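Below is one structure, written out as structure tokens; the observations come after it.
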Amino acid sequence: MQKEFTKGVTIGENSTETEKENTQQEIGEYETNEEESRALIRANEDDFIHGLLNAAEYATEETQRIEIIRGNKLYFAFNIRPLSAEEYDRCRQKNTKYVRNKQFGIKVPENTNRVKYQSQVIYTATVAEDREKLWDNRKVWDALNAQKDRVINGLDVIEITLKAGEKDKILEAIDKLSGYDDELEEIAKN
């Protein structure tokens, strides 16, 4: 019996979502004076340190499965991880053309190749194991080059195999996994 798939990009559950539901503590607001605040911080210092260390491991522990489905057929799947602000910035810099400003004598950004930038973000967010199997797989490169002769790196595989709309959905999933979502904006506003 063949499994039915819905056309498009399927974004799976975060690997840590179910864990969060089971271990989430009650959050509330409490009024304390300065002395009570210090005592509360001292009493919970180990918990704060443990929480900070766990939060720093987000890039290796949180993953999300992406499935590329077209015409009720699963073509391939891979896992993504969240990106740091530095990783987003490196992706942007790699795909931005800089020109020297004659008046000031410095390089300034002229334009960013949006298509290459999107592929770079997807490539960077793909977990290393899946990146090796899909984007950096020489057999895939050879097979695609036999058809079109234009693959020289993993980014080219992404550009050839993913449709524009699929890339947009994957980028949304990466952004959400990286902390760019509406819930975070609401917290920042308050």
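FYI, side chains are in, hydrogens and waters are out, and symmetry mates aren't considered; it's all heavy atoms of this structure. Because the structure is a prediction, the values reported are computed rather than measured. All residue numbers in this chain count up from 1 along the given sequence.
For the pair Tyr123/Leu134, no side-chain contact is recorded, criterion being any heavy-atom separation below 4.5 Å from C-beta on. Between Leu155 and Gln120 the shortest side-chain heavy-atom distance falls below 4.5 Å. A heavy-atom distance below 4.5 Å is found between the side chains of Ile122 and Ile174. Lys167 places a side-chain heavy atom less than 4.5 Å from the side chain of Val115. You'll find the side chain of Asp175 stays beyond 4.5 Å of the side chain of Val121, heavy atoms only. For the pair Arg150/Asp156, no side-chain contact is recorded, criterion being any heavy-atom separation below 4.5 Å from C-beta on.
Annotation: salt bridge (Lys or Arg N to Asp or Glu O under 4.0 Å) contacts of Lys133 (sequence neighbours excluded): Glu129. The salt bridge (Lys or Arg N to Asp or Glu O under 4.0 Å) search around Glu86 returns none, not counting sequence neighbours. The ring pair (Phe, Tyr, Trp, His ring centres under 6.0 Å) check on Tyr88 picks up Tyr180, with sequence neighbours excluded.
Other residues, nucleotides and ligands place no more than 12 heavy atoms under 6.0 Å from the CD atom of Glu132.
At a threshold of 4.0 Å, the pair Glu166-Arg70 counts as salt-bridged, since one of the basic side-chain nitrogens sits closer than that to a carboxylate oxygen. In summary, Arg92 and Asp89 engage in a salt bridge, as defined by a charged side-chain N under 4.0 Å from a carboxylate O. Look at Glu159 and Lys116 and you find a salt bridge, because one of the NZ, NE, NH1 or NH2 atoms lies within 4.0 Å of a carboxylate O, short of that distance.
Remark: Asp168 CG to Leu162 CG distance equals 11.0 Å, nearest 0.5 Å.
Under the 3.5 Å distance criterion, the side-chain polar atoms of Asn79 are left unmatched by any main-chain donor or acceptor of Val127.
In this structure, Cys91 and Thr124 approach most closely via the heavy-atom pair SG-OG1, 3.4 Å. Closest of all the heavy-atom pairs between Leu177 and Ile80 is CD2-O, 3.7 Å.
Between Arg81 and the choices Glu62, Gln64, Glu87, the side-chain hydrogen bond (donor to acceptor under 3.5 Å, both in side chains) rule is met once, by Glu87.
One hydrophobic cluster, built from ILVMFWY side chains closer than 4.5 Å, holds both Trp141 and Trp135.
Counted by atom type alone, Asn95 and Gln118 present zero donor-acceptor pairs between their side chains at under 3.5 Å.
Judged by the 6.0 Å and 45° rule, Arg131 forms no cation-pi pair with Phe78.
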